[in-house]
Amino acid sequence: MAHDQAHGHVSNTKRIWMVFALLSVVTTVEVYLGIIRPDFLYMNNFLSMNLLNWVFIILTLYKAYYIVWAFMHMEGEKSSLRWAVVATVIFLALYLLFILLVEADYVFEVFKNSTIKWNF
């Protein structure tokens, strides 16, 4: 009985360092891509936005998901709760991305096809 209680508390130090390393690598890749801005990503568009911005959005969503997964202990929850949280976040992120793309494209077209000039 005493043996079971001694192993009840497990140190998460290794896990914390692994999460830190993974998030640091992803952030380093983001910063590196932001500094060098490779032409094959920066000059090609997909859905009215260059591929480099899509890479930033995807990597940022990955980091946000992993932070929730690791630090909010979602891996230990039942799958129905995990899906309730994740599906809501995915829906909101896609909705906000849709609004961003539609409105930005509209503003771009207004300035491109009118007598209003860019002053910013």
[X] vs [Y] side-chain heavy atoms within contact, under 4.5 Å:
X     : Y     : result
Tyr62 : Ile58 : no
Leu23 : Val19 : yes
Glu30 : Thr60 : yes
Phe98 : Leu94 : no

Enter the distance from Ile57:CD1 to Leu51:CG here, rounded to the nearest 0.5 Å.
11.0 Å
Taken to the nearest 0.5 Å, the spacing of Arg82 CZ from Glu77 CD works out to 8.5 Å
Decide if the gap between the ring center of Tyr66 and the ring center of Trp69 is smaller than 6.0 angstrom.
no
Test Leu100 against Leu96 for side chain to side chain contact (heavy atoms under 4.5 Å, CB included), laying out the working first.
CA-CA 6 Å; Leu100 173 82; Leu96 291 173; over 6 Å; no
Keeping Asn50 on the side-chain end and Asn53 on the backbone end, is there a donor-acceptor pair under 3.5 Å?
yes
Main chain of Tyr42, side chain of Arg37: is a donor-acceptor contact present, judged purely on distance under 3.5 Å?
no
Mind checking whether Phe56 and Tyr65 sit in one hydrophobic cluster, side chains of I, L, V, M, F, W, Y counted as touching below 4.5 Å?
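The answer is no; the residues belong to distinct hydrophobic clusters.
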Closest heavy-atom contact between Phe46 and Trp54?
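Taking Phe46 first and Trp54 second, the nearest heavy atoms are O-NE1, 2.7 Å.
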